[in-house]
Amino acid sequence: MSEGAHAAARLAVLRLVVTGFRNYGRAAMALDARPVVLVGENGAGKTNILEALSFLTPGRGLRGVRLSDVSTRDMSRDEAGQTTQPWGVAATVMTPDGTVDLGTGIGRTSDGDKRVVKVDGAAKSGSGVLGQFVRGLWLTPQMDRLFIEGAGGRRRFLDRMVLGFDAGHSSRVSSYEKAMRERTRLLAEDNWNASWLSALEGQMAEHGVAIALARTHLIGQLKAAIAEHEGPSDTAFPKAQVALASGFSDEVDARLGSAASVDVEDAYAARLKSARGRDAAAGRALEGPHRADMLVRHAPKNMDAQACSTGEQKALLIGLVLANARLHCASFGAPPLLLLDEVAAHLDARRRTALFDELERLGAQAWMTGTDASLFENLGDRAQLFNVAHGEITPQA
Ligand SMILES: Nc1ncnc2c1ncn2[C@@H]1O[C@H](COP(=O)(O)OP(=O)(O)OP(=O)(O)O)[C@@H](O)[C@H]1O
């Protein structure tokens, strides 16, 4: 990494090249640190660019797909069963510590087609290292029903927020789920292997309590970030009241708030043991962090988010993302990249202005998409605008 000429604490993509990625053969963009607006017709490839950027962070991107799914395919042919084609996303990124060249994708190696990750040209194993350089938050139209649909989506939303500050969280969640699945499988057998069950319940207790503590910590920080914020955007994006339903019984839940984690782990492991019969009958564990929910209320109206209007729900969601972005600023000295797909279309003029002002205040490089350039008029030269058509990107003069 080289020391950047830009002293401002920013996180921004300065160059982006995508190859063999969805509807892009090859596309390149030269950028500065301002927000980016991508305008084009439906199906032009705007969201695909946000997805490409999301692969600069650890994990499987904003659509959460298999890596082979994003390889460019000839959509007129049924290519089922064909081998994965290589694809790549390369970027020069300004970070508070200097600029860095990052690359990721599927590459041809002697071991076959594999995910490749490169930092300043050096190959790295696993995508986790990308998190040291790029942090991203995204909002997609698919998240519009977050408050209405099941708790699973809200748990994933919460866990992604936790992951932004605590890289170990995803392995905790997968270790917990693996132990839980194995316990459920054992409970379905006629003769229970009690010592194996106890070992699995010990693992569930260890990881489950760590998951709950990490979530509680994040919710506490988010609450503080929301409470402390006084800004012009407050009426546009009303303050949310956030809380966590932990998924544990009252007894374990109460201990989570106070006692040492070993004590809570013991209490949860004991409850799992005594619930074996009940869980076996149900075919699943009835208590634990896999049942947690993130509860959100519209604070000024004192109303559950679920009962709010569509626009109010969107405003609450944006308010949460902005509060999370402020937390990133406080922790890392710079805001994350914000990938806001079709965000302007859902907002009235007052809220659009408030959003653009807030992005400017944060100093965030937000990537926004829309079918209509007039939605972004208020931004003027505070943003850089690109036209997207048929997998080609051209800067607007
Ligand atoms: N693996 C792939 N290979 C080739 N093309 C793909 C692949 N996956 C998706 N596409 C194409 O990409 C286009 C969708 O791009 P994208 O979702 O970025 O559109 P968009 O500009 O965001 O549109 P909208 O305004 O409707 O949201 C579609 O035409 C789709 O057929």
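We count ligands from 1, going down the list as the structure has it; atoms in each ligand are counted the same way. Since this is a predicted model, take the numbers as computed values, not measurements.
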Nearest atoms (heavy-atom pairs only) where L137 meets A325: CD1-N, 3.8 Å
Residue shell around ligand 1, heavy atom under 4.0 angstrom: R22, N23, E41, N42, G43, A44, G45, K46, T47, N48, R63, D69, S71, T72, R73, M75, E342
Pairs where residues 207-224 contributes a residue and the test salt bridge (Lys or Arg N to Asp or Glu O under 4.0 Å) is met, not counting sequence neighbours: D159-R215
Non-neighbouring partners of E228 that pass salt bridge (charged side-chain N to carboxylate O under 4.0 Å, His left out), sequence neighbours left out: none
Derivation and outcome, salt bridge (charged side-chain N to carboxylate O under 4.0 Å, His left out), residues E149 and R154: CA-CA 9 Å; E149 287 178 347; R154 289 185 292 277; over 6 Å; no
Non-hydrogen atoms of F248 and G288 that approach each other most closely: CE2-CA, 3.9 Å
Residues that, via side-chain heavy atoms closer than 4.5 angstrom, fall in one hydrophobic cluster with L286: none
